[in-house]
Amino acid sequence: MNGTASKKTRLSERGKKPSTYRRIVTRNVNGKSVIQSDEQMQTYEFKTVPGYEHTLVWVNPTTPDLREEQRFDRYPESVVPGPGGTSLHFVTFPPSSIFADPSFDGEASRKEALIRLRGLADHFEKEDPAMHKTNTVDYAIVFDGEMWLELDDAKTIHLKKGDVVVQNGTRHAWRNKGTAP
């Protein structure tokens with residue numbers, strides 16, 4: 001067994017699977033654009049919520065100094081960026097019926113989210129854990145399937161593949177009322 005195969009085995013044992021590639025472009029010492037890295041990202045599969053997957057692609061906690069080389073070498077203390085910062089996530093939402101199943105353990109799910117979604121899960125409301133509000137501008141694109149964006153007073157907006165939402169620091173929740181992730 002080579003080193004790569006054993007690494008893939010260890011990652012899958014931790015609930016992660018290959019997802020997508022991240023290519024980072026930066027400037028080198030000569031001032032020219034170069035590929036800094038080209039790597040396969042790992043998708044985190046929540047153990048407590050079947051079908052819920054999360055990939056943190058990039059985060060800048062604050063406004064980056066683009067004269068400096070940008071790195072994303074370790075999982076951040078918070079996936080929610082501060083003023084001037086950015087973050088990019090790929091998320092697969094399971095059908096909402098998962099959360100209504102009698103075997104669903106909400107407390108275990110909350111604990112796992114506090115670890116994986118550092119900084120974001122802290123904003124989930126106790127009465128309705130999907131509802132949250134952060135002081136960020138969020139750009140959401142539905143790549144596949146359908147989603148429902150829930151706003152105050154239970155107002156929902158049905159979203160389909162290709163729809164885009166710009167969410168400006170308001171209270172909201174993402175719901176999958178369909179049957180597929």
What verdict does the side-chain contact (heavy atoms from CB on, under 4.5 Å) test give for Val59 and Phe72, after you've listed the backbone C-alpha separation in whole Å, the side-chain angles of each residue and the deciding distance to 0.1 Å? CA-CA 7 Å; Val59 65; Phe72 181 46; 3.4 Å; yes
Taking it one step at a time, do Asp65 and Arg67 satisfy salt bridge (Lys or Arg N to Asp or Glu O under 4.0 Å)? CA-CA 5 Å; Asp65 181 351; Arg67 296 171 297 180; 2.9 Å; yes
Trace of the side-chain contact (heavy atoms from CB on, under 4.5 Å) decision for Asp163 with Ile141: CA-CA 6 Å; Asp163 287 346; Ile141 303 167; over 6 Å; no
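The aromatic rings of Phe90 and Phe143 stand perpendicular to each other, their planes meeting at an angle above 60°, with 30° marking the opposite boundary.
Nearest heavy atom pair, residue Ser78 against residue Gly119, reads OG-CA, 3.4 Å. When all heavy atoms of Thr63 and Gly84 are compared, the closest pair comes out as OG1-CA, 3.1 Å. Residues Val142 and Gly145 share a closest heavy-atom pair of CG1-O, 3.6 Å. Between Leu56 and Pro76, the closest heavy-atom pair is CD2-CD, 3.6 Å. Considering every non-hydrogen atom in both Leu151 and Met131, the closest pair reads O-CE, 4.2 Å. Nearest heavy-atom pair across Asp128 and Glu150 is OD2-OE2, 4.4 Å.
Hydrophobic clustering of Ile, Leu, Val, Met, Phe, Trp and Tyr side chains at less than 4.5 Å, counting indirect connections, unites Ile98 with Val91. Both Trp58 and Tyr44 belong to a common hydrophobic cluster when Ile, Leu, Val, Met, Phe, Trp and Tyr are linked at side-chain heavy-atom distances under 4.5 angstrom.
Side chain of Glu107 to backbone of Arg110: no donor-acceptor contact under 3.5 angstrom is found. A donor-acceptor contact shorter than 3.5 Å is absent between the side chain of Asp105 and the backbone of Ser109.
Using a 4.5 Å cut-off on side-chain heavy atoms (C-beta onward), Val79 and His89 make contact.
Centroid-to-centroid, the aromatic rings of His132 and Phe124 come within less than 6.0 Å.
In this structure, a donor-acceptor pair under 3.5 Å is absent between the side chains of His158 and Thr156. With 3.5 Å as the limit, one finds no donor-acceptor pair spanning the side chains of Tyr75 and Arg118. Between Tyr52 and Glu112, the side chains place no donor N or O within less than 3.5 Å of an acceptor N or O (distance only, hydrogens not considered).
The pair Lys177-Glu146 does not meet the salt-bridge criterion, since no charged nitrogen lies less than 4.0 angstrom from a carboxylate oxygen.
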